[in-house]
Amino acid sequence: MREVIENMEIQFPGVKERLMADGKVHRFLNIYVNDDDIRFAENLDTSVQAGDAITILPAVAGGCGDRLR
Amino acid sequence: MLTILSELVDAMIQQAQTDHPMETCGVIAGREGAERPMRLIPMRNVAASEDMFMFDAREQLQVWREMEANGEEPVVIYHSHTHSRAYPSKDDILCAAEPHAHYVIIPTDPAYGGGIRSFRIVNGAVVEETIRVVEQYAGEKSLPLAENRSSHVNHHPYSHRSASTDQRSEAH
Ligand SMILES: [Zn+2]
């Protein structure tokens with residue numbers, strides 16, 4: 001997955017910082033390889049095969065306070 | 001302004017009251033670009049908390065794929081506040097990633113009173129908007145020339161709330 005993001009950065013400069021910081025995926029972003037959230041696989045080390053579908057969605061969260069920071 | 005069917009408002013309030021004191025959450029899908037909330041999808045709150053909500057990432061993927069396949073988008077993203085006012089919290093603002101969505105908050109603690117409220121949240125700026133509750137959307141059924149659309153407005157107490165652009169005075 002890390003390589004995919006590096007390749008995207010070459011094609012779309014600036015995309016990397018929208019997706020990650022300090023070598024980690026932003027906290028409120030979900031990245032899926034096929035049906036699986038990479039958080040529950042091997043995160044950015046999750047392997048991606050030709051033909052796999054990658055989906056990036058902003059996490060939907062909130063509440064009545066400020067616990068998430 | 002958010003224009004929304006009364007049955008959808010009732011469903012959100014019902015869900016919030018059922019889940020009280022836990023926060024509830026969900027999304028209402030509508031045809032892309034049409035600005036009409038149509039299909040209410042209650043979401044699981046994986047935070048299962050009285051002061052937090054979070055969509056289940058896997059469930060969200062399924063629902064977002066469904067919307068994409070149907071040519072829909074998330075028109076409304078809603079959640080309840082079970083012991084605070086219906087105003088976006090710091091967390092709500094931090095996480096609001098859909099600049100086109102209407103963020104609806106349902107208060108369930110009578111001590112804070114009031115009805116549902118709707119907000120646009122873009123780049124950390126909160127703008128409240130009026131909610132117009134209707135029995136049906138204009139043009140859905142043939143109306144006799146529809147010259148008097150106000151007759152289709154449900155005079156609910158929260159349907160005439162005025163818009164506010166004040167983001168500081170109400171922040172908590
Ligand atoms: Zn909230």
(Q) Report, in residue-number order, which members of residues 55-73 of chain B are under 4.5 Å from chain A by heavy-atom distance. (A)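 B:F55, B:A57, B:R58, B:Q60, B:L61, B:W64, B:R65, listed by number.
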
Q: Using the rule that two of Ile, Leu, Val, Met, Phe, Trp, Tyr join whenever any of their side-chain heavy atoms come within less than 4.5 Å, decide whether B:V126 and B:I77 are in one cluster.
A: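 Yes, same cluster.
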
Q | Partner of B:T24 by side chain to side chain contact (heavy atoms under 4.5 Å, CB included), out of B:T82, B:D19, B:I13 | A |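 Among B:T82, B:D19, B:I13, the one that satisfies the side chain to side chain contact (heavy atoms under 4.5 Å, CB included) with B:T24 is B:D19.
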
Q: Please state whether the rings of B:H79 and B:F53 are parallel, tilted or perpendicular, taking 30° and 60° as the class boundaries.
A: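 It falls in the parallel class, under 30°.
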
Q. For chain B, which residues of residues 51-59 of chain A have at least one non-hydrogen atom nearer than 4.5 Å to it?
A.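 From residues 51-59 of chain A, the residues near chain B are A:T55, A:L57, A:P58, A:A59.
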
Do [X] and [Y] make a side-chain contact, defined as non-hydrogen atoms from C-beta onward lying under 4.5 Å apart?
X	Y	value
B:Y103	B:E98	yes
B:E23	B:E50	no
B:Y87	B:I105	no
B:M43	A:V60	no

Q) Apart from A:I10 itself, what residues make up its hydrophobic cluster, given side-chain heavy atom links below 4.5 Å? A)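 A:I10 clusters with nothing; isolated.
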
Q. Between A:N30, A:D37, A:D35, which shows the greatest number of heavy-atom pairs under 4.5 Å with chain B?
A.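 Greatest number of close heavy-atom pairs with chain B: A:D35.
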
**Q.** Residue pairs fulfilling side-chain hydrogen bond (donor to acceptor under 3.5 Å, both in side chains) with at least one residue in residues 105-115 of chain B, sequence neighbours excluded
**A.**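 Sorted result for residues 105-115 of chain B: B:H20-B:T108.
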
Q. Given that the side chain runs from C-beta out, which part of B:S49 has a heavy atom under 4.5 Å from chain A: side chain, backbone, both or neither?
A.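 Side chain only.
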
Q: Evaluate the side-chain hydrogen bond (donor to acceptor under 3.5 Å, both in side chains) criterion for residues B:H100 and B:E35: first the C-alpha distance (whole Å), next the side-chain angles of each, then the deciding distance (0.1 Å), finally the verdict.
A: CA-CA 9 Å; B:H100 303 293; B:E35 281 287 305; over 6 Å; no

